[in-house]
Amino acid sequence: MKAMILNSYGNDAPFLAADLPRPEPKPGYVLVRLAATSVNTVDTMIRQLGQENLPLAPDLPALLGMDFAGTIDAVGDGVDGFAIGDEVYGCAGGLADLPGALAEYMLADTRLIAHKPKRLSMREAAALPLVGITAMEGLQRAGTRAGQSVLVHGGTGGVGHLAVQIARHLGATVSATGGGDAQLDIIRSYGATAINYRTESVADYVATQTGGAGFDVVFDTVGGANMTNSFEAAALNGQVASTVSLLELDLTPVHFKGLSLHVVFMLIPMLHDVGRETHGAILTELARLVDAGAVTPLLDDTRFTLDQVGDAHARLTSGDAIGKVVIDIA
């Protein structure tokens, strides 16, 4: 089968075409004929940093790509609920010892996949798994519910645009940050209040949106230095969920506000084989929300083929993409 692999790591490490053996199904796994995959920030980090700086990176030669959508081509022993010909999606490889989705076929643990949302194309479905699971997990861990005020930092990002829609579906009053008219318009289209982080201070939008009380839930998909903005924006005894917390930070504001901080690292089930079935369950629920019209993935306009993986990575790291960057495989 055709695949695009890395023989080295680094910022400019090239993806090279290779002819690899088609995987054989094993117990508990299905072989998926891939139609599309999408690029996540963690994919670009693995390529740039390699094993020396990011232990979850695979051995070389590396087959990256975590998200996928495709059709089951073969079924291993002991598999229930999936059959040859089923259209599925998931996040099941591309790190550690799990081969990824930058190929024509992929072996996937059935605990990490679900049936594809019926109303979506393969391209759209491939954009959802990693960011959808992250968005759902963050909101769940923060106890998001109807009647709460929710702030999403990065409301048009991969995780952020889904967190906005899911929080709205749960009945929360949602605000989200963005920069520029295009991003702000997308946020408004989801029924959320758009905040231009370039022109509005945290104090200003907390006063405008919450009367100065702060938000019950803050979902920070930006992280880094922005975490201090999240702490400032949160209400007393509020909940802060973060997807990017790799930094040293003074937690004094967290203490004096009595905040609960939830760090979401959705790769744990894949890396440690712990609770993998929770990912399949979240993907099943996400498909239900999509088919009910409550959630729609946002895809970047630029299209890429499997041979253009390097260009797809460059598109994501440029910061110019709005929505998920998707690669067509078939």
Side-chain angles (χ1 to χ4, degrees), residues 131-181 183-245 249 251-264 266 282 285-286 289 292-296 298:
V131 292
I133 292 169
T134 303
M136 292 278 277
E137 184 178 346
L139 292 171
Q140 288 171 355
R141 289 176 59 183
T144 309
R145 58 187 183 275
Q148 288 187 317
S149 58
V150 174
L151 171 65
V152 178
H153 283 298
T156 60
V159 175
H161 84 282
L162 296 175
V164 169
Q165 295 177 72
I166 296 167
R168 284 274 298 148
H169 173 74
L170 292 172
T173 300
V174 183
S175 301
T177 62
D181 291 339
Q183 292 187 9
L184 299 177
D185 286 344
I186 290 168
I187 290 168
R188 293 187 191 101
S189 75
Y190 296 143
T193 298
I195 297 168
N196 189 335
Y197 69 88
R198 294 172 179 166
T199 60
E200 297 183 64
S201 70
V202 177
D204 285 345
Y205 63 70
V206 167
T208 302
Q209 304 304 324
T210 72
F215 294 89
D216 300 312
V217 175
V218 179
F219 199 145
D220 192 342
T221 72
V222 177
N226 191 67
M227 289 280 284
T228 59
N229 295 330
S230 295
F231 301 155
E232 182 181 350
L236 297 176
N237 295 316
Q239 309 285 322
V240 178
S242 170
T243 61
V244 191
S245 54
L249 201 62
L251 295 181
T252 300
V254 176
H255 177 87
F256 283 110
K257 282 184 140 181
L259 303 181
S260 297
L261 176 60
H262 309 273
V263 176
V264 182
M266 68 78 65
I282 290 174
E285 173 62 10
L286 187 61
L289 294 181
V295 174
T296 301
L298 177 66

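Keep in mind it's a predicted model, so treat the numbers as computed, not measured. We number each residue from 1, following the sequence as shown.
- The nearest pair of heavy atoms linking Ala135 to Ala163 is CB-N, 3.8 Å.
- Residues Gln165 and Leu162 have side chains in contact (heavy-atom distance under 4.5 Å, counting atoms from C-beta outward).
- For the pair Val152/Val150, a side-chain contact is recorded, criterion being any heavy-atom separation below 4.5 Å from C-beta on.
- What you find for Leu298 and His161 is that their closest heavy atoms are N-NE2, 3.0 Å.
- In this structure, OG1 in Thr156 is found 8.0 Å from OH in Tyr190, a value given to the nearest 0.5 Å.
- With Arg168 contributing its side chain and Ala294 its backbone, the two residues share no donor-acceptor pair below 3.5 Å.
- By the 4.5 Å heavy-atom criterion applied to side chains, Ser175 and Phe215 are counted as neighbours.
- The backbone N or O of Phe231 sits less than 3.5 Å from a side-chain atom of Lys257, completing a donor-acceptor pair.
- The side chain to side chain contact (heavy atoms under 4.5 Å, CB included) with Leu151 is formed by just one residue from the set Val218, Val217, Val164; it is Val218.
- A donor-acceptor pair under 3.5 Å is formed between the side chain of Ser189 and the backbone N or O of Ile186.
- Judged by distance alone, the side chain of Gln183 and the main-chain N or O of Gly179 form a donor-acceptor pair under 3.5 Å.
- In this structure, the separation between CD1 on Ile195 and CD1 on Ile187 is 8.0 Å, given to the nearest 0.5 Å.
- At a threshold of 4.5 Å between non-hydrogen side-chain atoms, the residues Met227 and Asp220 count as touching.
- The stretch residues 234-245 participates, sequence neighbours left out, in these side-chain hydrogen bond (donor to acceptor under 3.5 Å, both in side chains) pairs: Gln239-His262.
- Heavy atoms only, all atoms of each residue included: Ala241 and Gly138 are closest at CB-O, 3.9 Å.
- Every residue two or more places apart in sequence or in another chain was checked for a salt bridge (charged side-chain N to carboxylate O under 4.0 Å, His left out) with Arg145, and none qualifies.
- Taking CD of Glu285 as the start and CD of Gln140 as the end, the distance is 8.0 Å to the nearest 0.5 Å.
- Nearest heavy-atom pair, Val240 versus Ser230, reported as atom, atom and distance to 0.1 Å: CG1-CB, 4.1 Å.
- Shortest non-hydrogen contact noted between Val263 and Arg141 is O-NH1, 2.9 Å.
- Here the straight-line distance linking atom CD1 of Ile166 with atom OG1 of Thr144 works out to 10.0 Å at 0.5 Å rounding.
- Put simply, OG1 on Thr193 and CG on Leu184 are 11.5 Å apart, with the number rounded to the nearest 0.5 Å.
- A donor-acceptor contact shorter than 3.5 Å is absent between the side chain of Glu232 and the backbone of Thr228.
- The minimum heavy-atom distance between Gly155 and Ala176, with the atom names listed, is CA-CB, 3.9 Å.
- Looking at heavy atoms from C-beta onward, Val159 lies in side-chain contact with Phe219 at the 4.5 angstrom threshold.
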